[in-house]
Amino acid sequence: MTALRAKYPGENEYLQAVQEVLESVEEVYNLHPEFEKAKIVERMVEPDRIFSFRVTWIDDSGEVRTNTGYRVQFNSAIGPYKGGLRFHKAVTPSMLKFLGFEQTFKNALTTLPMGGAKGGSDFDPTGKSDAEIMRFCQAFMYELWQCIGPDQDIPAGDVGVGGREIGYMYGMYKKLARQYNTGVLTGKGASWGGSILRPEATGFGALYFTQNLLHKAGKDIRGCRIAVSGFGNVAWGACTKASELGASVVAISGPDGVCEIPGGITGEMIDYMLVMRASNRNRVQDMADKFPGAVKFTPGRKAWSVPVDIALPCAFQNELSEEDARQLKANGCWCCCEVSNMGCRPEAIRFFQDNGILFAPGKAVNAGGVATSGLEMTQNASHISWSGKEVDEKLHFIMDSIHEACVKYGTRPDGSIDYVKGANVAGFMKVASAMLEQGII
Ligand code: GLU
């Protein structure tokens with residue numbers, strides 16, 4: 001870590017993600033001198049390669065705009081590079097390196113043969129028209145297409161990139177590459193190669209994992225009050241499945257504040273989340289404006305200020321601080337399943353663990369998204385389409401396997417489970433062994 005900090009000063013998210021994994025795996029790493037001999041850690045923390053490119057496009061007023069695009073191909077030990085694209089004004093190489101690093105272990109946990117990657121741009125979709133989104137996506141793909149391929153690197157969505165953006169990028173990819181293999185991107189529309197249930201998969205998988213975790217702890221999700229941050233695709237899937245399982249989502253939040261829903265979120269409200277996302281306004285207050293009476297908006301506050309049993313961060317990295325963790329506990333919260341990538345600050349995780357609050361990390365909880373992308377790739381490669389029931393069963397099985405792997409590697413001597421250690425060690429062992437078996441490259 002000392003060497004890495006000196007080499008990449010200021011790459012805080014990346015250093016934070018690496019430190020968490022290295023702390024978790026230290027003990028098992030030291031039991032394997034062959035890993036040390038092959039310098040597995042030194043090789044694993046460094047991306048295989050990073051592409052960086054200029055993206056120039058024209059906005060609706062005719063003004064020329066320039067952004068920076070990236071693709072970080074992190075690790076291909078267990079399969080072709082796989083991971084999403086993030087369009088957000090705060091995107092930097094550090095952010096995409098952290099995400100690519102996490103993706104490598106997450107993908108290893110899915111049981112499917114996928115390596116890790118991440119990409120994106122500092123393009124800010126907030127307030128952009130549909131035509132501007134399309135022109136940006138096309139300009140982005142104008143550079144990216146040479147770096148990707150169905151057996152090489154398969155991007156998908158992430159923050160700021162959903163089905164609409166994947167559609168625009170896929171259209172442009174075909175025009176440029178003259179390759180018509182649907183498997184080059186995942187998260188496609190259902191009528192042109194997309195998997196049924198991919199949009200729901202991250203949120204559904206997160207709730208299947210949460211159910212397993214609660215079951216193991218002798219608890220039941222029915223009747224639990226849940227706070228969710230965000231109102232994008234992941235939060236939408238999580239709210240849908242949580243409600244279906246008999247829990248009550250009583251808070252959702254956005255960058256502008258929190259919406260409290262004392263009676264629990266309804267199907268109509270869940271549908272409205274999609275409208276809010278598509279509007280590019282990035283305002284959760286719109287929910288309160290649409291459902292006055294049932295929803296109360298408070299500006300400047302987070303979802304973690306609302307009394308709940310379970311907290312589900314579904315928005316962005318480091319969105320839950322130690323102070324938030326303390327407030328959650330003071331209000332009676334006893335479980336936090338991280339759905340966003342690295343959603344909790346390390347001090348918040350420590351606080352949860354030291355205070356007996358059940359906690360599981362994003363790379364295990366949210367792996368259902370990329371796992372279903374893996375299932376989309378399988379359907380594309382065999383030119384078939386599975387039913388929703390088939391995909392859901394496979395997703396459920398994968399989430400059960402991930403939970404089992406966490407229990408296998410994370411059970412403490414007192415029988416409780418350290419899900420952070422469990423997920424990190426399970427992912428690490430798989431990637432490290434694959435690297436070792438493939439020689440010094
Ligand atoms: N962006 C998602 C993640 O963080 C999904 C990636 C994918 O489907 O390739 O895992």
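Read the numbers this way: they start at 1 and go in the same order the structure lists the ligands and their atoms. What you see is a predicted model; the values in this text were computed from it and never measured.
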Is the shortest side-chain N to carboxylate O distance from Lys118 to Asp158 below 4.0 Å? yes

Note: Asp392-Lys389 ion pair, threshold 4.0 Å (strictly below): no

Close N/O pairs between ligand 1 and protein, under 3.5 Å:
| from | atom 1 | to | atom 2 | distance (Å) |
| --- | --- | --- | --- | --- |
| ligand 1 | 1 (N) | Lys118 | NZ | 3.3 |
| ligand 1 | 1 (N) | Gly157 | O | 2.9 |
| ligand 1 | 1 (N) | Asp158 | OD1 | 2.8 |
| ligand 1 | 4 (O) | Lys106 | NZ | 2.9 |
| ligand 1 | 4 (O) | Lys118 | NZ | 3.0 |
| ligand 1 | 4 (O) | Asn341 | ND2 | 3.1 |
| ligand 1 | 8 (O) | Arg198 | NH2 | 3.0 |
| ligand 1 | 8 (O) | Ser373 | OG | 2.6 |
| ligand 1 | 9 (O) | Lys82 | NZ | 2.6 |
| ligand 1 | 10 (O) | Gln103 | NE2 | 3.1 |
| ligand 1 | 10 (O) | Lys106 | NZ | 2.7 |

Side-chain ion pair, Arg326 and Glu323, N-O less than 4.0 Å: no

Which donor-acceptor pairs under 3.5 Å do the side chains of residues 430-438 make with protein atoms, sequence neighbours left out?
| from | atom 1 | to | atom 2 | distance (Å) |
| --- | --- | --- | --- | --- |
| Lys430 | NZ | Ala108 | O | 3.1 |
| Ser433 | OG | Met429 | O | 2.6 |
| Gln438 | NE2 | Ala77 | O | 2.8 |

For a side chain to side chain donor-acceptor pair (under 3.5 Å) check, start with the C-alpha distance between Ser340 and Gln317, then their side-chain angles and the critical distance, and finish with the verdict. CA-CA 7 Å; Ser340 42; Gln317 72 266 7; over 6 Å; no

Give a yes or no on whether a salt bridge exists between Glu102 and Lys363, defined as a side-chain N under 4.0 angstrom from a carboxylate O. yes

